[in-house]
Chemist: 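Before I ask anything, let me first share the structure, which is written out below as structure tokens.
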Amino acid sequence: MTRHQPEPEPQRQPEPDTGRDPAAPAGRAAPAPDPAELPGGAAVEAEGIGLKGPRGWVFREVTVEAAPGSVVALTGASGTGRTCLLLALTGRMKLTEGEARIGGLRLRKQAAAIRRTAALAHVPGVDDLEPSLTVGEHLRERVLLQRRYGTAPLAALKAALRSPRQRRADARRVHDEALAAAGLDLATLPKGPRTAVRDLERLERLRLCVALALIGRPRLIAVDDVDLKLSAPLREEAWALLASVAASGVTVLAVCGEAPAGLPGDVPLVVVVTDRATGARTAEDAPAEPAPKTDDTDETEKETADALAETGRA
């Protein structure tokens, strides 16, 4: 009787590294990280963008290129579409022409994702503060809204499983970090956190708006009318505030009447000069004297007002 000898098992060759997650199904690569969830500031890249309203072009031929952690100053005469450009770059207005990327996200196709990473810090007519509410009430409201609507589903589930004491501690920590980044000391206010918004000075109100925006930990914040009705010393403080936010890694878009010559701490500054005729120009090509107000400027201001009203309703 002959015994059958078992055949030796073939040796397995090591599989080449394809960069695929081993837990992922066969033939399907691991998903790329969502740019909206990446840390740090958002780069701003726009080329030839424009927005057309019912009465014509609000702005046109705008080109912006800014690295993460930069301050982008949108300056120009009133009625040249500065605020609409600010809202368009944060995904709040739909472009008519051109293409832009905010933090790697395509503005025309991923506006919703951009809105999750870009926060409005101070845009009158869109995110106005309630004058009768106190500073503390605004902060508590923003923390609650962020916990309910501004958190990813998995993170929201993990937060819900924590004890009430831990949730209060987390909310307090986020609250304190935002106030420190905005340079707003509640102890210096007339009534502390119980101070009503209508009793705040303009620079204090700007700091509060920046703190509220930073609670959501955005990659980009937008500020309108930075230097409006501010004296020269207060204007320097406002720009120093935005420079400190940018130094922490958050990109800042700021509408202003006059861009600063530079920022403290060597923070990168990109100046975009909007113009009624050409849409936008570099700072070197800007005219020395502002152009006189014409009927076209009045018409553009009406377009901007209509666009802001529509954005506020949205």
Side-chain angles (χ1 to χ4, degrees), residues 40-47 49 59 61-90 100 102 118 120-124 181-184 201-207 209-211 213-214 219-293 297:
V44 179
E45 301 169 314
E47 184 175 358
I49 61 174
F59 62 84
E61 301 175 7
V62 176
T63 298
V64 185
E65 186 173 354
S70 302
V71 174
V72 182
L74 308 177
T75 183
S78 178
T80 55
R82 299 173 304 171
T83 302
C84 291
L85 176 59
L86 182 82
L87 294 173
L89 291 175
T90 56
I102 308 297
L120 301 182
H122 177 263
V123 183
L184 182 61
E201 300 292 339
R202 180 166 178 79
L203 186 58
E204 293 173 340
R205 187 173 300 191
L206 176 61
R207 292 186 184 276
C209 291
V210 171
L214 293 177
R219 301 180 63 195
L220 180 148
I221 65 171
V223 185
D224 194 10
D225 292 335
V226 174
D227 53 359
L228 182 64
K229 297 181 181 179
L230 289 181
S231 61
L234 293 180
R235 196 178 301 123
E236 292 182 3
E237 288 189 40
W239 285 113
L241 164 63
L242 300 184
S244 66
V245 173
S248 68
V250 180
T251 305
V252 179
L253 299 179
V255 170
C256 58
E258 182 181 356
L263 295 173
D266 294 329
V267 174
L269 174 65
V270 178
V271 179
V272 178
V273 183
T274 59
D275 185 270
R276 174 60 176 164
T278 61
R281 296 182 290 183
T282 61
E284 291 77 6
D285 297 333
E289 296 293 334
K293 195 170 183 179
T297 303

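All values below come from the heavy atoms of this structure, side chains included, with hydrogens, waters and symmetry mates left out.
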Chemist: Any side-chain heavy atom of Leu228 within less than 4.5 Å of one from Arg202?
Modeler: yes
Chemist: So Leu89 and Leu220, side-chain contact (heavy atoms from CB on, under 4.5 Å) or not? Walk me through it.
Modeler: CA-CA 10 Å; Leu89 291 175; Leu220 180 148; over 6 Å; no
Chemist: In Å and rounded to the nearest 0.5 Å, what is the CG to CG distance from Leu87 to Asp224?
Modeler: 7.5 Å
Chemist: Taking all heavy atoms of Ala73 and all of Cys256, pick out the closest pair and write down the distance.
Modeler: CB-SG, 4.1 Å
Chemist: Which heavy-atom pair separates Ala66 from Val270 by the least distance, and what is that distance?
Modeler: CB-CG2, 3.9 Å
Chemist: Does some side-chain heavy atom of Val226 sit less than 4.5 Å from a side-chain heavy atom of Val255?
Modeler: no
Chemist: Assess whether a salt bridge exists between Glu237 and Arg207, defined as any Lys/Arg side-chain N lying under 4.0 Å from an Asp/Glu carboxylate O.
Modeler: yes
Chemist: Working to the nearest 0.5 Å, report the span between CG of Leu269 and CG of Leu263.
Modeler: 4.5 Å
Chemist: Would a distance-only check, ignoring hydrogens and angles, find a side-chain to backbone donor-acceptor pair under 3.5 Å from Thr251 to Gly69?
Modeler: yes
Chemist: For the side chain of Glu236 and the backbone of Pro233, is there at least one donor-acceptor N/O pair under 3.5 Å apart?
Modeler: no
Chemist: Rounded to the nearest 0.5 Å, what's the gap from CH2 on Trp239 to CG on Leu230? Could you check?
Modeler: 11.0 Å
Chemist: State the CZ-CD1 distance between Arg219 and Ile102, to the nearest 0.5 angstrom.
Modeler: 10.0 Å
Chemist: Please say which of Val223, Thr83, Val272 ends up in a side chain to side chain contact (heavy atoms under 4.5 Å, CB included) with Leu74.
Modeler: Val272
Chemist: Under a 4.5 Å cut-off applied to non-hydrogen side-chain atoms, are His122 and Val210 in contact?
Modeler: no
Chemist: Walk me through whether Leu253 and Val71 qualify under side-chain contact (heavy atoms from CB on, under 4.5 Å).
Modeler: CA-CA 6 Å; Leu253 299 179; Val71 174; over 6 Å; no
Chemist: How close do Ala182 and Leu241 get, heavy atom to heavy atom, and via which atoms?
Modeler: O-CD1, 3.3 Å
Chemist: Between Phe59 and Thr80, does the side-chain contact (heavy atoms from CB on, under 4.5 Å) criterion hold? Intermediate values first, please.
Modeler: CA-CA 7 Å; Phe59 62 84; Thr80 55; over 6 Å; no
Chemist: Would you confirm whether Arg82, through its side chain, and Gly76, through its main-chain N or O, come within 3.5 Å as a donor-acceptor pair?
Modeler: yes
Chemist: Would you say Thr75's side chain and Val273's backbone share a donor-acceptor pair under 3.5 angstrom?
Modeler: no
Chemist: Restricting to non-hydrogen atoms, name the atom on Ala222 and the atom on Val123 that form the minimum distance, rounded to 0.1 Å.
Modeler: O-CG2, 4.3 Å
Chemist: Atom OG1 in Thr274, atom CG in Leu86: separation rounded to 0.5 Å?
Modeler: 11.5 Å
Chemist: If you look at every heavy atom in Leu214 and Ala181, which pair is closest and at what distance?
Modeler: CD1-CB, 3.6 Å
